[in-house]
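Report on one structure; see the data block that follows.
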Amino acid sequence: MQKPLPPLGWLRTFEAAARHLSFTGAARDLNMTQSAVSQQIKSLEGHLGRPLFHRRPRALELTETGITYLPVVREAFRTLVRGTQAVVGDQANAVQVQSNITFAVNWLAPKLPRFRELHPDVQLNIFTELWEPREMAEGAAVEIRYSLRPADTVRTELLRTDHYYPVCAPEFSVTLDNVQDQPLYDCSNLLSNWSNWAEDQGLTWGNPPITYATTYMVSLSVAMAGGGLCLAHDTIVRELINKGRLIAPFAHRAAMPEAYYLLLSPQAEENPGAIAFTDWLRSEISAEISL
């Protein structure tokens with residue numbers, strides 16, 4: 001007799017843990033506890049009779065079995081997604097878009113009325129991420145990723161490069177001489193950071209205390225409330241500056257190592273809604289860059 005398939009939930013947990021190489025990251029994605037993720041992985045390994053991960057002190061690594069099994073599981077889920085869409089009806093104009101939360105809120109959302117006016121028949125489903133994912137979310141046709149050059153696991157194109165600089169509330173008083181004495185905020189784990197900006201600016205930079213958050217939304221909110229300065233870039237603060245909610249107190253802009261990329265799944269090129277959205281996205285960004 002053939003061995004029965006493992007429960008679908010165990011496979012979903014394995015895929016998430018493999019994507020993050022972290023039980024904690026999988027737990028966050030799946031709204032589970034870390035211990036529940038660990039137990040499901042152990043159950044799956046027991047079912048298969050082979051380990052899927054090497055448990056290192058501070059990280060996970062896939063075993064040879066895990067490396068072999070992962071693409072099988074992912075393709076199975078893709079087949080389920082495509083099959084479900086075929087069963088529930090015409091999804092030709094439904095588009096799942098994945099983006100980091102700051103881009104989605106500060107750039108994409110204010111422009112969505114224009115897209116809807118042009119393409120009222122396209123249904124967008126927008127999913128946001130705090131951290132750069134290892135790859136596109138299951139079922140996503142389009143992703144806008146803020147990152148160093150991502151791996152070319154799917155079709156990838158550069159959308160735009162940008163420059164970064166400090167911003168603050170209009171009433172906040174600061175000079176280059178005292179910027180290090182002010183409350184400073186930043187988004188964590190980026191190369192577009194305070195010390196690199198200061199070096200590019202030619203400042204002698206000490207080691208001032210900096211408050212870090214996992215998303216620009218936190219530091220931008222503090223800056224708008226008059227609580228200090230944060231680093232930002234045109235893509236996410238142009239509208240806030242135009243509306244007078246933020247100012248850039250210094251003229252200097254530093255080129256960002258990170259950039260915005262467009263990632264397209266294989267299904268995107270066959271989806272009229274995805275084609276309409278990506279054409280519109282490129283047009284909006286091109287128009288903004290030319291200003």
Side-chain angles (χ1 to χ4, degrees), residues 1-23 25-32 36-54 59-99 123-129 131-145 147 149-157 261-275 277-278:
M1 288 181 62
Q2 287 188 336
K3 197 169 187 177
L5 290 173
L8 191 63
W10 295 0
L11 297 176
R12 174 67 75 184
T13 302
F14 165 62
E15 191 282 329
R19 175 160 28 94
H20 289 280
L21 288 178
S22 163
F23 289 165
R28 184 175 60 242
D29 270 11
L30 302 173
N31 197 25
M32 298 168 60
V37 168
S38 178
Q39 185 56 53
Q40 287 200 8
I41 295 298
K42 287 179 181 177
S43 297
L44 179 58
E45 290 173 326
H47 182 90
L48 298 174
R50 299 180 183 183
L52 296 167
F53 294 98
H54 296 297
L60 294 176
E61 291 181 10
L62 286 165
T63 64
E64 287 299 319
T65 299
I67 292 171
T68 301
Y69 197 37
L70 180 59
V72 175
V73 171
R74 284 179 171 161
E75 183 55 35
F77 279 121
R78 292 188 184 104
T79 300
L80 282 171
V81 168
R82 291 193 294 267
T84 301
Q85 289 175 343
V87 168
V88 298
D90 182 12
Q91 298 289 307
N93 286 322
V95 186
Q96 181 170 319
V97 178
Q98 184 176 343
S99 166
Q123 176 190 330
L124 294 181
N125 300 311
I126 301 170
F127 294 80
T128 57
E129 295 276 355
W131 296 97
E132 177 191 340
R134 290 183 178 273
E135 61 180 46
M136 294 180 69
E138 196 70 47
V142 179
E143 181 189 340
I144 302 102
R145 186 176 296 190
S147 171
R149 174 74 186 185
D152 291 323
T153 53
V154 295
R155 178 181 163 189
T156 302
E157 63 182 78
Y261 293 89
L262 178 65
L263 280 64
L264 298 172
S265 74
Q267 293 76 31
E269 297 180 11
E270 302 173 4
N271 184 325
I275 293 171
F277 177 76
T278 53

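Just so you know, these numbers come straight off a predicted model, no measurement behind them. One is the number of the first residue; the rest follow in order along the sequence.
- With values rounded to the nearest 0.5 angstrom, L80 atom CG is found 12.0 Å from R78 atom CZ.
- The line from CG of L263 to OG1 of T156 is 4.0 Å long, rounded to the nearest 0.5 Å.
- Shortest non-hydrogen contact noted between A18 and L62 is CB-CD2, 4.0 Å.
- Surrounding CD of E157 are more than 12 heavy atoms belonging to other residues, nucleotides or ligands, all under 6.0 Å away.
- Rounding to the nearest 0.5 Å gives a distance of 11.0 Å between CZ of F23 and CD of Q40.
- Nearest heavy-atom pair across T65 and P51 is CB-O, 3.7 Å.
- If you take CH2 on W10 and CG on L48, they are separated by 9.0 Å, rounding to the nearest 0.5 Å.
- Residues I41 and F53 meet the side-chain proximity criterion, which asks for heavy atoms closer than 4.5 Å.
- Using modelled atom types, no side-chain atom of H20 and backbone atom of R28 make a donor-acceptor pair closer than 3.5 Å.
- Between T13 and M32 the shortest side-chain heavy-atom distance falls below 4.5 Å.
- With hydrogens and angles ignored, the 3.5 Å screen pairs no side-chain donor or acceptor of E61 with any backbone N or O of H54.
- Without hydrogens or angle criteria, N125 side chain to A94 main chain gives no donor-acceptor distance under 3.5 Å.
- Annotation for V37 and A26: closest pair CG1-CB, 4.1 Å, computed over non-hydrogen atoms.
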Could you please spell out the steps behind the salt bridge (Lys or Arg N to Asp or Glu O under 4.0 Å) verdict for R74 and E15? CA-CA 7 Å; R74 284 179 171 161; E15 191 282 329; 3.2 Å; yes
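- When all heavy atoms of A274 and A268 are compared, the closest pair comes out as CB-O, 3.6 Å.
- Heavy atoms only, all atoms of each residue included: L70 and F14 are closest at CA-CE2, 3.8 Å.
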Intermediate values then yes/no, side chain to side chain contact (heavy atoms under 4.5 Å, CB included), T278 and L262: CA-CA 8 Å; T278 53; L262 178 65; 4.1 Å; yes
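- Of the possible donor and acceptor atoms, none in the side chain of T128 sits under 3.5 Å from a partner among the backbone N and O of S99.
- Across all non-hydrogen atoms, the minimal contact from A16 to L30 is CB-CD1, 3.9 Å.
- No side-chain heavy atom of L5 sits under 4.5 Å from any side-chain heavy atom of L11.
- Separating the OH atom in Y69 from the CG atom in L52 is a distance of 8.0 Å, to the nearest 0.5 Å.
- Taking CD of Q96 as the start and CD of E143 as the end, the distance is 10.5 Å to the nearest 0.5 Å.
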